[in-house]
Amino acid sequence: MGLRRGIGNFTIQQQEAIVNGRAQGRTFLELGKQFNISESGISKFLKRWVDQRGVQKVPKSGRPRSVSRFSTGTSYVFHVSIPA
């Protein structure tokens, strides 16, 4: 069985265990064997963790997706009264 290429499938607890393990002085090789990931994968994860200051997912910038009122199943009824 080969090593996984990334950390995308790790839970938050597993990611924190990698960070804490490294803080306790464990090597990339030890952490890699424990979590079945390559040493370079551990290194890249820790670099990204430091760059993002521990934030799991960085929100994307840009225009939000538009939501159609018809996709929610909500119907709207408008009443217009014209004065006589």
Interatomic spacing from [atom1] in [X] to [atom2] in [Y] - rounded to 0.5 Å:
X	Y	atom1	atom2	result
Arg48	Ser43	CZ	OG	10.5 Å
Arg22	Leu46	CZ	CG	7.0 Å
Arg26	Ile42	CZ	CD1	9.5 Å

Using side chain to side chain contact (heavy atoms under 4.5 Å, CB included) as the criterion, list what pairs up with Thr27, not counting sequence neighbours.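 Checked Thr27 against side chain to side chain contact (heavy atoms under 4.5 Å, CB included); matches are Leu29, Glu30.
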For Trp49 and Glu16, work out which heavy atoms get closest and say how close.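 Minimum heavy-atom separation between Trp49 and Glu16: CH2-CG, 4.4 Å.
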Of the non-hydrogen atoms in Leu31 and Ile18, which two are nearest, and what is the gap between them?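 Minimum heavy-atom separation between Leu31 and Ile18: CD1-O, 3.8 Å.
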Test item: Val19 and Phe45 side chains (from C-beta on) under 4.5 Å apart, heavy atoms: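 Yes, at least one pair of side-chain atoms sits under 4.5 Å.
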Short question: side chain of Gln24, backbone of Gly21 - any donor-acceptor pair under 3.5 Å?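 Flag not set: sc Gln24 to bb Gly21 has no pair under 3.5 Å.
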